[in-house]
Structure formats: structure tokens, C-alpha cells
Amino acid sequence: MKGLLEIYNTLLNAYGQRHWWPAKTPFEMMLGAILTQNTTWMNVEKAIRNFGELLSPEFISSISNDELAQLIRPSGYYNQKAIKLKAFTQWFERYSYDVEKAIQMNGQFLRTELLAVKGVGCETADSILLYALNKPFFVVDTYTKRILYRLGYDLPNTYDGLRLKIEESIPSDIYLYGEFHALFVEHGKRHCKKTPSCQACPVDAVCKKRIFV
DNA sequence: CTCCAGTCCC
DNA sequence: GGGACGGGAG
């Protein structure tokens with residue numbers, strides 16, 4: 001995908017550094033990745049706030065699904081997500097709830113493990129790998145696909161197809177991956193929405209789907 | 001009333 | 001691939 005790095009620099013210049021992912025601890029980051037599925041981050045923050053000082057894998061594993069569901073209610077899909085958080089925490093127990101232990105493992109191996117967890121799909125797995133486990137997997141989400149499509153890139157039809165195509169187009173670097181994904185999200189929220197608002201769009205000069213007003 | 005940092009099950 | 005899951009903000 002030629003010109004991807006130029007897109008990155010243009011978005012970076014427009015929006016500035018994102019410093020993603022916003023979370024106090026790696027465990028909070030990983031829970032947030034599940035809670036934010038098809039949900040606004042604002043509602044995830046409400047859910048995380050409900051834990052107060054109790055946000056820990058030990059606490060998650062100790063309470064019932066119903067109690068957990070009520071705590072995360074603001075994030076939506078709370079019954080489903082309660083099951084997901086439980087399943088994810090069980091996975092984390094393999095590493096004694098210690099992120100450093102997980103980080104020692106091979107990235108592809110961790111990805112396979114995460115994808116086997118109920119509730120963790122490709123995007124959530126890659127978010128966790130990139131932002132909590134420091135593994136260079138590019139996170140592809142709805143914004144990524146929408147933005148690249150509108151910019152005129154020919155997109156593979158599978159998640160991993162697009163992820164690999166992006167990964168081979170830019171340097172393999174966790175800082176770059178993290179900021180680039182964050183910039184896609186910011187651009188998607190500000191301009192490249194489902195119904196686009198192209199006024200003052202920072203990449204309108206190179207966009208094939210620009211809507212003139 | 002629409003839309004949101006998706007994923008699972010059929 | 002189509003439907004279900006879901007509260008909260010603009």
C-alpha cells in the first residue's frame with residue numbers, strides 16, 4: 001500500500017500524538033479492549049469506573065457473572081461481555097496474572113491463544129498484543145477499513161489479509177502501530193464517519209471518496 | 001433515533 | 001452471511 005506512511009504523517013500532523021492506549025494498568029487495558037467492542041469509549045470508562053479500586057483479575061474471577069454484568073452495564077452487551085471478561089481472565093491465569101510473563105512468549109503463539117478465548121476476535125486480540133503485550137500486530141478496525149477504502153486503496157477481504165498488507169507497507173514498530181491505529185480512530189471519529197464530514201479533512205487532497213459541499 | 005475501539009452462533 | 005447482544009450520548 002504505497003503512501004501509507006505519508007498518510008500517517010499527515011494525520012499525525014493534523015491530530016498530534018495520541019499516546020494510546022489510555023489505561024492505568026495493562027490489565028485495565030486488556031479489559032477495556034473487550035469492553036469497547038462495538039461501544040463508545042465513554043461508556044467503557046463508566047464501566048471501568050464502577051470497579052473503583054477493585055479492578056484486578058482476582059476480583060473478576062471471584063465474583064459471579066451476574067455481579068460482573070451489573071458492574072459493566074454501561075458498556076452495553078453486559079451479559080455477553082461478563083462471560084468474555086471471565087474467559088479472558090481465565091486465560092490470564094495461565095501467566096499467574098503477570099503481564100511480564102506473557103510478554104516473554106512468542107507473539108504468534110500468544111495470538112493463537114487469545115483467539116481461542118471466547119469473546120476475543122482478531123481486533124481485540126491484536127489490540128491486546130500491541131498495547132499490553134508489546135507485540136507488533138497492526139490493529140484493523142471499522143475505521144481502518146473505511147478510511148483506507150475511501151482513500152482509494154484496494155482492500156483484501158479478510159481481516160488478516162488487510163492486517164498483513166498494512167504490516168508489510170510500514171516498518172514493524174509497536175510505537176508506530178499504536179499511534180497509527182489511534183490516528184485512524186481519531187480521524188474516523190472526526191471526519192471519516194459512516195456519513196463522512198469532509199470539510200477541513202486533513203487527507204481530502206488524496207481521498208477518492210471526498211464529498212464536496 | 002442513530003451510532004458506537006466486534007464477536008459469536010446458527 | 002444474517003441476527004443477537006444493549007446502554008448511553010449527541
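Side-chain atoms are counted along with the backbone in the values below, which use heavy atoms only and exclude waters and symmetry mates. Computed from a predicted structure; not experimentally measured. Residue numbering restarts at 1 for every chain, and letters A, B, ... go by the order of the sequence lines.
Of the candidate nucleotides dC8(B), dG6(C), dC4(B), dC8(B) has the atom lying nearest to any side-chain atom of K118(A).
A donor-acceptor pair is defined here as one N or O able to donate and one able to accept, closer than 3.5 Å; such a pair exists between the side chain of N9(A) and the backbone of L5(A). A donor-acceptor pair under 3.5 Å is formed between the side chain of Y159(A) and the backbone N or O of V140(A). Side-chain N or O atoms of K145(A) include none that pairs as donor or acceptor with a backbone N or O of L155(A) at under 3.5 Å.
Side-chain contact, K84(A) with T124(A): no donor N or O sits under 3.5 Å from an acceptor N or O.
In terms of position on DNA chain C, the residue among K46(A) and N79(A) whose nearest nucleotide sits closer to the 5' end is N79(A). Nearest-nucleotide mapping onto DNA chain B: of N43(A) and Y159(A), the residue sitting toward the 5' end is N43(A).
If you take NZ of K193(A) and P of dC4(B), they are 10 Å apart, rounded to a whole angstrom. For the pair K81(A) NZ and dC4(B) P, the computed distance is 14 Å after rounding to whole Å. One atom, CG of L115(A), and another, C1' of dT7(B), lie 11 Å apart when rounded to the nearest Å. Rounded to an integer number of Å, the gap from K189(A) NZ to dC4(B) C1' is 9 Å. Going from atom NZ of K84(A) over to atom C1' of dG6(C) covers 12 Å, rounded to whole Å. Protein atom CZ of F88(A) is 14 Å distant from nucleotide atom P of dC8(B), rounded to whole Å. One interatomic measurement links the two molecules: CG of N50(A) to C1' of dG8(C), which rounds to 13 Å at whole-angstrom precision. When the C1' atom of dG8(C) is taken as reference, atom CD of E45(A) falls 13 Å away, rounded to whole Å.
Nucleic acid contact class of T142(A) (heavy atoms, under 4.0 Å, all strands): sugar-phosphate only. In this structure, V117(A) reaches the sugar-phosphate backbone alone: every heavy-atom distance under 4.0 Å involves primed, P, OP1 or OP2 atoms, never a base. Using a 4.0 Å heavy-atom cutoff across all strands shown, V120(A) reaches sugar-phosphate atoms only and no base atom.
For F27(A) and Y97(A), the ring centers are positioned 6.0 Å apart or more.
The side chain of R146(A) contributes an N or O atom lying less than 4.0 Å from OP1 or OP2 of dC4(B). Applying the 4.0 Å criterion to OP1 and OP2 of dG7(C), one finds that Y78(A) has a side-chain N or O inside that range.
A heavy atom lying under 4.0 Å from DNA chain B marks the following residues of residues 23-42 of chain A, by number: T36(A), Q37(A), N38(A), T39(A), T40(A), W41(A).
Under the Watson-Crick and G-U wobble criteria, each requiring two contacts below 3.5 Å, nucleotide dG10(C) is paired to dC1(B). dG3(C) is paired with dC8(B) under the criterion used here, namely a Watson-Crick or G-U wobble arrangement in which both key atom distances are under 3.5 Å.
With contacts defined as side-chain heavy-atom distances shorter than 4.5 Å, the pair R111(A)/L114(A) does not qualify.
A distance of 13.0 Å separates CG in L85(A) from CZ in F92(A), rounded to the nearest 0.5 Å.
If you take atom P in dG6(C) and the same atom in dC10(B), they sit 16 Å apart, rounded to whole Å.
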*asked:* Please determine whether side chain to side chain contact (heavy atoms under 4.5 Å, CB included) holds for the pair I174(A) and K135(A), giving the CA-CA distance in whole Å, both sets of side-chain angles, and the decisive distance to 0.1 Å.
replied: CA-CA 7 Å; I174(A) 56 173; K135(A) 307 298 181 187; 5.9 Å; no
